[in-house]
Amino acid sequence: MEGRLREIFWDKLSSTQELSEREKVFENIVLQEPKNKSFGDLSTNASMVLASYLKSDPLSIAETLKDKIFSLWEEIEDIAVEKPGFINFRLKDSFIKEKLKEVAIQKERYGFNQTGNGVKVHLEYVSSNPTGDLHIGHGRWGALGDTLANIYNANGYEVFREYYVNDYGTQIEKFADCVKSLYLSHFGIKMPYPSDGYPEETVSKVAGEIYQKYGDRFILRKDTKSPEVDVEGLGRKAVEIMLSNIKETLSLMGVTYDNWFYESSLYEGDRFERVVDELKQRGVVYEKDGAVWFKTSNFGDEKDRVVIRSEGNPTYFASDILYLMNKIARGFDLLIYILGADHHGYVKRLQAVAKSLGIDVKRLVIIIGQLVRIVKSGNVVKMSRRKGKTYTLKDLLKEVGKDPVRYFFCTASFDTPMDFDVDLAKQKSAKNPVYYVQYAHARIESVIEKAKSVIPENISTGPDIERLLRESNKDSSSWFVDLIENLSLDRVDFSRIQFKNSSERDLAKTVIFYPDVIYGSCRNNSPYQLVQYLYRLASEFHFFYNHYRILRNNRINIDRFILALLVRVVLRNALKILNLSAPERM
RNA sequence: GCGCUUGUAGCUCAGUUGGAUAGAGCAACGGACUUCUAAUCCGUGGGUCGGGGGUUCGAAUCCCUCCAAGCGCGCCA
């Protein structure tokens with residue numbers, strides 16, 4: 001769908017209108033499916049947009065466009081002008097069939113496009129501190145980030161997924177102190193636990209594990225009164241353990257990364273000093289009250305931010321700057337950040353840094369996701385990190401399972417604050433939309449399984465298939481297996497496929513709209529659009545399946561059978577992008 | 001106090017950047033298995049788009065204002 005129709009559309013439109021501000025006007029013109037099916041397959045608001053520009057009547061413009069332009073459009077069977085000025089199109093069946101053949105040819109690549117043109121995308125998501133368990137919100141960023149990466153990849157971008165590990169700075173030192181306190185307790189040494197420390201439940205697990213595995217290795221001098229401990233080594237080990245825990249949880253979700261980037265690596269050697277020098281040369285930092293400040297307020301931020309504290313150590317913001325520069329230096333064209341709403345304060349200062357360094361702000365795509373609340377038995381579960389008992393992402397994954405968790409997190413847009421109803425997601429029943437979608441796939445598999453047992457001569461169809469069977473060097477049954485296994489439809493004349501009713505045609509149309517969805521969900525950074533499409537496709541298939549037989553009386557309706565095979569292709573491709581399983585049996 | 005985000009059916013969410021009668025799913029009610037899997041399908045009911053102004057041919061969408069919720073406003077990370 002995507003390319004051809006749109007190109008023709010713009011071509012024809014622009015060739016007849018001599019518009020000086022063409023682009024501006026055209027931005028608002030859309031070619032899309034009408035809300036109401038009865039209006040046809042596609043619709044455009046072109047005449048209404050042009051009306052305001054040309055200061056003319058939309059209806060008469062619509063008539064002109066219709067007669068002079070779209071009548072020459074060979075893919076269109078029928079054009080109609082409706083009330084306010086919409087121009088509605090009905091696609092020729094032959095066009096739909098032509099597009100269906102592309103599904104069969106492209107198979108698992110169907111839906112992919114090259115609009116990204118190899119642009120290098122850096123995608124950072126989750127990046128939770130290794131000082132605690134992942135909570136539910138991280139699951140949302142994990143599912144959305146991973147899916148978005150797949151979507152960008154499907155659009156021809158070169159995607160690099162990275163997790164930023166905060167293993168540097170005061171936060172980690174504090175964490176190490178907590179671990180030290182509980183670690184020593186295993187040796188009967190009592191130390192006061194830091195009053196503002198991390199939850200003891202988490203820390204004690206880590207301390208216990210270190211004690212189990214390494215015994216007293218981190219105690220340099222055993223002296224009950226003032227023991228000397230390798231706090232740095234202890235901290236590193238603790239981070240390692242926490243991180244492996246995080247990795248384990250993410251892998252339960254199928255969330256993976258190309259690289260785990262350590263904040264501490266930003267400070268290796270004299271890297272930091274060199275960057276500070278560069279910033280000074282550029283004149284974007286200055287000293288005040290013994291600290292080094294960044295002139296973020298010159299570039300849209302509310303105020304300036306401290307980069308180096310008066311004590312001489314860098315702030316967290318310093319790492320942000322280093323990391324941003326590091327990403328650019330590694331050659332990434334587009335930097336996508338997925339951040340929780342509690343981090344929205346970063347947006348302006350990150351953009352300010354980019355501007356001050358002469359980096360086009362458009363290269364930063366900062367997605368702010370709203371937070372997730374957990375609802376159990378109708379009540380909101382409070383998520384306090386301080387209090388020991390929290391409902392973690394791992395708990396959720398163990399309770400609900402990978403597929404529903406990913407699916408649910410991807411149904412809502414980033415902007416929507418969502419309630420995750422655990423009780424609902426837990427139900428492995430008809431209520432669960434993920435099963436609904438997967439069931440559509442399982443049903444197709446089931447039909448195929450059944451069809452294999454049908455004698456190929458009983459394929460009820462036109463002469464095309466018969467010809468294929470005759471011409472085939474292989475015996476007829478192997479040809480049929482080839483059709484099923486490899487979707488070898490290249491010799492089938494698709495123009496012979498018949499739509500005997502509107503639901504078959506609708507289903508075919510939904511299949512050929514898939515590439516548009518892949519494109520749109522990328523452009524809008526909206527994985528949920530893919531999820532909604534998937535649900536719609538499944539729904540239309542279920543309707544089709546319930547109303548029309550593919551197999552009857554030991555005979556195969558080959559038109560419907562092929563359609564089902566093509567639906568299977570799209571279901572699989574979409575499920576793969578969402579990293580959900582496509583079960584053969586349920 | 002300032003800033004960001006959100007407010008659409010009983011519930012969970014869409015609404016393609018200003019367009020057609022505001023849509024899905026779940027829940028509720030009523031139907032459909034001698035059938036390729038009923039984890040399915042069909043039908044019905046359900047709305048002052050948080051409230052009020054404004055902009056224009058036309059507003060859930062843009063502007064103003066008020067209300068409500070979440071989050072952020074450190075030489076914390």
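Proteins come first, then strands; the chains are lettered A, B, ... in the order of their sequence lines, and each starts at number 1. The model shown is predicted, which means the values in this text are computed figures rather than measured ones.
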Quiz item: Counting only side-chain N and O atoms of A/Arg443, is one of them less than 4.0 Å from OP1 or OP2 of B/A38?
Solution: yes
Practice problem: Treating a pair as Watson-Crick (purine N1 to pyrimidine N3 plus N6-O4 or O6-N4) or G-U wobble (N1-O2 and O6-N3) with both distances under 3.5 Å, list the stems of 3 or more consecutive pairs that involve RNA chain B. | Solution: B:1-7 with B:67-73, B:10-13 with B:23-26, B:28-32 with B:40-44, B:50-54 with B:62-66
Quiz item: Contacts to RNA chain B from residues 523-534 of chain A, heavy-atom cutoff under 4.0 Å, which residues?
Solution: A/Arg523, A/Tyr528, A/Gln532
Short N/O separations, protein against nucleotides 33-35 of chain B, under 3.5 angstrom:
from  : atom 1 : to       : atom 2 : distance (Å)
B/U35 : O2'    : A/Arg549 : NH1    : 3.3
B/U35 : O2     : A/Arg549 : NH1    : 3.3

Exercise. Indicate, yes or no, whether a donor-acceptor pair under 3.5 Å links the base of B/A14 to the side chain of A/Tyr535.
Key: no
Quiz item: Syn or anti for B/C62, with syn set at within 90° of 0?
Solution: anti
Using a 3.5 Å cut-off and no angle test, enumerate the donor-acceptor pairs between side-chain atoms of residues 408-417 of chain A and protein atoms at least two apart in sequence or in another chain.
from     : atom 1 : to       : atom 2 : distance (Å)
A/Thr411 : OG1    : A/Phe408 : O      : 2.6
A/Ser413 : OG     : A/Asp415 : N      : 3.2

Quiz item: Below 3.5 Å, does any donor atom in the side chain of A/Ser413 face an acceptor in the base of B/A14, or the other way round?
Solution: no
Exercise. Look at all strands and tell whether A/Pro34 reaches a base, only sugar-phosphate, or nothing, counting heavy atoms closer than 4.0 Å.
Key: base
Self-check item: Distance-only donor-acceptor test, A/Ser310 side-chain atoms vs B/C75 base atoms, 3.5 Å
Solution: yes
Exercise. Looking at every strand, decide which applies to A/Asn45 at a 4.0 Å heavy-atom threshold: base, sugar-phosphate, or nothing.
Key: nothing
Self-check item: Nucleic acid contacts of residues 541-548 of chain A, taken as heavy-atom distances under 4.0 Å to RNA chain B
Solution: A/His542, A/Phe543, A/Tyr545, A/Asn546, A/His547, A/Tyr548
Exercise. Would you mind building the protein contact string for nucleotides 2-7 of chain B? One character per nucleotide, 5' to 3', B for base within reach (heavy atoms under 4.0 Å), S for sugar-phosphate only, - for untouched.
Key: -BBSS-
Quiz item: Does OP1 or OP2 of B/A14 have a side-chain N or O of A/Arg536 closer than 4.0 Å?
Solution: no
